[in-house]
S.K.: 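The structure that follows is given in the form of structure tokens.
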Amino acid sequence: MQNKELSFKEKVIDVVKSIPRGKVLNYGSVAAISGSPRASRQVGSILTGISGENREVPWWRVVNKAGYLSIRGKLYDAKELQMKLLIDEGVEVSKDYYIDMRKYKMNVNFS
DNA sequence: TTTCCGGCTGATT
DNA sequence: GAATCAGCCGGAA
């Protein structure tokens, strides 16, 4: 462990854990807060590693900008779980896996 | 170090 | 909001 600071992966996890219940955040914002506004894809890749194994991180509150549950590949089955969890928190999710993030997206403030 | 891949984003349409 | 194209970025092999 040579990095004095948290790795990008750790930062992303920390940000996702800070997302309040009933709110959602897009990958771009999480990536930006983590230090790389263009590394949105990495965020998704990292979330893949915590989903199914780590329940302390509300990865289901992270969606893409279009409000779509962008889960693909391995987590394809988790897509239904994500929708269920979001609805349980009060977030409206369409049967087509789309979220009204215009109302549920968390306000990110750049200090 | 180079190469590849991936839960994306922005600009257009 | 939805579909298509091209560009970015970090981690693993």
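Values below: all heavy atoms of this structure, side chains included; hydrogens, waters and symmetry mates excluded. In the text below, chain A, chain B and the rest are named by the order of the sequence lines, each starting its count at 1. Keep in mind that what you see is a predicted model, and the values were worked out from it rather than measured.
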S.K.: Phosphate oxygens OP1/OP2 of B/dC8: is one of them under 4.0 Å from a side-chain N or O of A/R72?
M.R.: yes
S.K.: Which nucleotide wins on minimum distance to the side chain of A/Y27, given the candidates B/dG7, C/dG1, C/dC8?
M.R.: B/dG7
S.K.: Please report, rounded to the nearest Å, how far the P atom of C/dA2 is from the CG atom of A/D96.
M.R.: 8 Å
S.K.: Quick one: is C/dG10 close enough that its OP1 or OP2 comes under 4.0 Å of any side-chain N or O from A/S40?
M.R.: no
S.K.: Expressed as a whole number of angstroms, how long is the span from A/Y68:OH to C/dA2:C1'?
M.R.: 11 Å
S.K.: Once you round it to whole Å, what is the distance between C1' of B/dG7 and CG of A/L81?
M.R.: 14 Å
S.K.: Give, for atom OG of A/S18 and atom CG of A/L25, the distance between the pair rounded to the nearest 0.5 Å.
M.R.: 8.0 Å
S.K.: Nearest 0.5 Å, please: how far is CG in A/N64 from OG in A/S40?
M.R.: 10.0 Å
S.K.: From B/dG7, C/dG10, C/dG11, pick the nucleotide closest to the side chain of A/V62?
M.R.: B/dG7
S.K.: For A/K23, does the NZ atom have more than 12 heavy-atom neighbours from other residues, nucleotides or ligands under 6.0 Å away?
M.R.: yes
S.K.: Rounding to an integer number of Å, can you tell me how far A/L25 CG sits from B/dT9 C1'?
M.R.: 14 Å
S.K.: Would you mind reading off the distance between A/I99 atom CD1 and C/dA2 atom C1', rounded to a whole angstrom?
M.R.: 16 Å
S.K.: Using the side-chain heavy atoms of A/R41, tell me which of these nucleotides is nearest: B/dG7, C/dG10, C/dG7.
M.R.: C/dG7
S.K.: Once you round it to whole Å, what is the distance between P of B/dC8 and CG of A/N26?
M.R.: 12 Å
S.K.: Find the partner of C/dC8: check Watson-Crick (N1-N3 plus N6-O4 or O6-N4) and G-U wobble (N1-O2, O6-N3) distances, both under 3.5 Å, and reply none if neither fits.
M.R.: none
S.K.: Measure from the side chain of A/M101, starting at C-beta and using heavy atoms only, and say which of C/dG11, C/dG1, B/dT9 lies closest.
M.R.: C/dG1
S.K.: For C/dG10, does either OP1 or OP2 sit under 4.0 Å from a side-chain N or O belonging to A/S36?
M.R.: yes
S.K.: I need the A/E56 CD to A/K17 NZ distance, nearest 0.5 Å.
M.R.: 5.0 Å
S.K.: Looking only at side-chain N and O atoms, does A/Y97 come under 4.0 Å of OP1 or OP2 in C/dA2?
M.R.: no
S.K.: Return the value, rounded to whole Å, for the distance between atom CG of A/D100 and atom C1' of C/dA2.
M.R.: 15 Å
S.K.: C/dG1 C1' sits how many Å from A/N64 CG, rounded?
M.R.: 11 Å
S.K.: Walk me through it: do A/Q82 and A/Y97 pass the test side chain to side chain donor-acceptor pair (under 3.5 Å)?
M.R.: CA-CA 9 Å; A/Q82 180 171 21; A/Y97 303 102; over 6 Å; no
S.K.: Let's see if you can work this out: which of C/dG11, B/dG7, B/dT9 has an atom nearest to the side-chain heavy atoms of A/Q82?
M.R.: B/dG7
